[in-house]
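Each chain gets a letter, A, B and so on, in the order its sequence line appears, and its residues count up from 1. Note that the structure is a prediction, hence the values are computed from the model and not measured.
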Number of protein chains: 2
Amino acid sequence: MKDCESAAFSNGLKKTKQRSAILEILQKNSQPVSAEQIFLELSEKKISASLSTVYRSLEAMAQKGVVTKINISSEGKALFELNTNMHRHYLVCLGCKKIIALDYCPLEGYEKKLEGETDFFIVGHRLDIFGYCPECRKKSGS
Amino acid sequence: MKDCESAAFSNGLKKTKQRSAILEILQKNSQPVSAEQIFLELSEKKISASLSTVYRSLEAMAQKGVVTKINISSEGKALFELNTNMHRHYLVCLGCKKIIALDYCPLEGYEKKLEGETDFFIVGHRLDIFGYCPECRKKSGS
DNA sequence: TTGGATGCAAAAGTTTTGCACGGTT
DNA sequence: AACCGTGCAAAACTTTTGCATCCAA
């Protein structure tokens, strides 16, 4: 997916090494990441980028639809992920805080049904599912 | 529902006028509210309660299972609602910000299915649906 | 009376912003 | 060259905490 990057900068966003590196981190992570996580990963890679640059880049990319900002973290920090233009739902482990993206949407036909019932024009939904992953189940014996 | 209050204080929580008032506000609001909203409503009612008391009370009530803290606000602040022990799902109008509680859960059997597929122990989920209500549809012509 | 609850102020944590400077186009 | 991006520091904002005081049980 090399051209994910070119696509990301075809909308007026200037391409800088910081932004390319942020994009790369978002691509490599299978789960949503916080701005601080990105900042730390950049430091590890010896790529200079201040935390405010990370925030501003993510904000800019979110405006262009390249990334999506989500607020499901129980720690009150925002998370970011590449915008795949697909429905994404998450399975969140309450033990280790791991977040797993589900690959399909259990509400396929439901929105249309609800439109009929309520006369709303339905744009989308957010669904997150909480529980304990296999590893955490073992640990706690539940 | 007068005994919602007595139930709320039957678990070791001390009953104070601040906490009773916070509970009342949560009861009257059909939608989740932020700590600050509660703080402001308390001021309007001339009930003295500092913001930290609001946070501490909500935290204590959340620990006892009286209220639920949720993180769906796009503004990055936590929201709180009475824990009804029932599934609550909301239909949110993006035009007028109205929030309507749905009376049933479209994911009834889905959690069990997912448990089988993922080996998670699933505790619950959060589902919110976004769109435009009939009034806002007319206004914007969509 | 006694332990928990409150108020105030200060601290901690996340995110935003102002401004001067630097890098892309 | 023009404009956008960046770094740094400070500010804004939400939430937590320390400590003295107060109040419900």
A.B. asks: Could you pull out the closest heavy-atom pair between A35(B) and V54(B), with the gap in Å?
C.D. replies: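 Residues A35(B) and V54(B), closest heavy atoms: O-CG1, 3.7 Å.
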A.B. asks: Heavy atoms under 4.0 Å, any strand shown: does A60(A) hit a base, just sugar-phosphate, or nothing?
C.D. replies: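 Result for A60(A) = nothing.
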A.B. asks: Report, as a single string ordered 5' to 3', how protein heavy atoms within less than 4.0 Å touch nucleotides 16-25 of chain D: B base, S sugar-phosphate only, - not at all.
C.D. replies: BBBB----BS
A.B. asks: Among residues at least two apart in sequence or on other chains, which ones pass side chain to side chain donor-acceptor pair (under 3.5 Å) with E115(A)?
C.D. replies: none
A.B. asks: Send over the distance from I38(A) CD1 to dT14(C) P, rounded to a whole Å.
C.D. replies: 14 Å
A.B. asks: Is it the case that the side chain of K64(B) and the backbone of N11(B) share a donor-acceptor pair, with hydrogens and angles ignored and the cut-off at 3.5 Å?
C.D. replies: yes
A.B. asks: So, OP1 or OP2 of dG7(D): does either fall under 4.0 Å of a side-chain N or O from Q18(A)?
C.D. replies: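 Yes, Q18(A) has a side-chain N/O under 4.0 Å of OP1/OP2 on dG7(D).
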A.B. asks: Just the rounded figure in Å: distance from C1' of dG7(D) to CD1 of I22(A).
C.D. replies: 13 Å
A.B. asks: CZ of F39(B) versus P of dC13(D): gap in Å, rounded?
C.D. replies: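 My rounded result for the distance is 15 Å.
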A.B. asks: Measure the distance from CG on L42(A) to P on dG5(D) and round it to the nearest whole Å.
C.D. replies: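 After rounding, the gap between these two atoms is 17 Å.
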A.B. asks: When you check the phosphate oxygens OP1 and OP2 of dT24(C), does a side-chain N or O of R19(A) lie under 4.0 Å from one of them?
C.D. replies: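 The answer is no; no side-chain N or O of R19(A) sits under 4.0 Å from OP1 or OP2.
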A.B. asks: Judged by atom type as modelled, is there a donor-acceptor pair below 3.5 Å linking the side chain of K98(A) to the main-chain atoms of C133(A)?
C.D. replies: no
A.B. asks: Which heavy-atom pair separates N29(A) from V33(A) by the least distance, and what is that distance?
C.D. replies: CG-CG1, 3.5 Å
A.B. asks: Taking NZ, NE, NH1 and NH2 as the nitrogens, is one of them in E41(B) or K28(B) under 4.0 Å from a carboxylate oxygen of the other?
C.D. replies: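 Salt bridge flag = no for K28(B) with E41(B).
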A.B. asks: List in chain and number order the residues that pass salt bridge (charged side-chain N to carboxylate O under 4.0 Å, His left out) with K77(A), two or more places apart in sequence or in another chain; answer none if no residue qualifies.
C.D. replies: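 With sequence neighbours excluded, K77(A) shows a salt bridge (charged side-chain N to carboxylate O under 4.0 Å, His left out) to E36(A), given in chain and number order.
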A.B. asks: Examine dT6(D): is either OP1 or OP2 under 4.0 Å from a nitrogen or oxygen in the side chain of S57(A)? Give yes or no.
C.D. replies: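 It does, given that an N or O in the side chain of S57(A) lies less than 4.0 Å from OP1 or OP2 of dT6(D).
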A.B. asks: Under 3.5 Å, which donor-acceptor pairs link side chains of residues 122-131 of chain B to any protein atom two or more places apart or in another chain?
C.D. replies:
{"unit_1": "H125(B)", "atom_1": "ND1", "unit_2": "E111(B)", "atom_2": "OE2", "d": "2.4"}
{"unit_1": "H125(B)", "atom_1": "NE2", "unit_2": "H87(B)", "atom_2": "NE2", "d": "2.9"}
{"unit_1": "H125(B)", "atom_1": "NE2", "unit_2": "H89(B)", "atom_2": "NE2", "d": "3.2"}
{"unit_1": "R126(B)", "atom_1": "NE", "unit_2": "D128(B)", "atom_2": "OD2", "d": "3.2"}
{"unit_1": "R126(B)", "atom_1": "NH2", "unit_2": "D128(B)", "atom_2": "OD1", "d": "3.3"}

A.B. asks: Ignoring the backbone of T53(A), work out which of dT14(D), dT6(D), dT6(C) is nearest its side chain.
C.D. replies: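 Among the listed nucleotides, the one closest to the side chain of T53(A) is dT6(D).
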A.B. asks: Can you sort out the partners of S34(A) under side chain to side chain donor-acceptor pair (under 3.5 Å), two or more places apart, ordered by chain and number?
C.D. replies: Q37(A)
A.B. asks: Given atom CG of L58(B) and atom C1' of dA5(C), what is their separation to the nearest angstrom?
C.D. replies: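 Rounded to the whole Å, the gap is 14 Å.
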A.B. asks: Using atom CG of L40(B) as one end and atom P of dT14(D) as the other, report the distance to the nearest whole Å.
C.D. replies: 10 Å
A.B. asks: Could you provide the dot-bracket string of DNA chain C, using ( ) for intrastrand pairs, [ ] for crossing pairs and | for bases paired to another strand, with Watson-Crick or G-U pairs below 3.5 Å?
C.D. replies: |||||||||||||||||||||||||
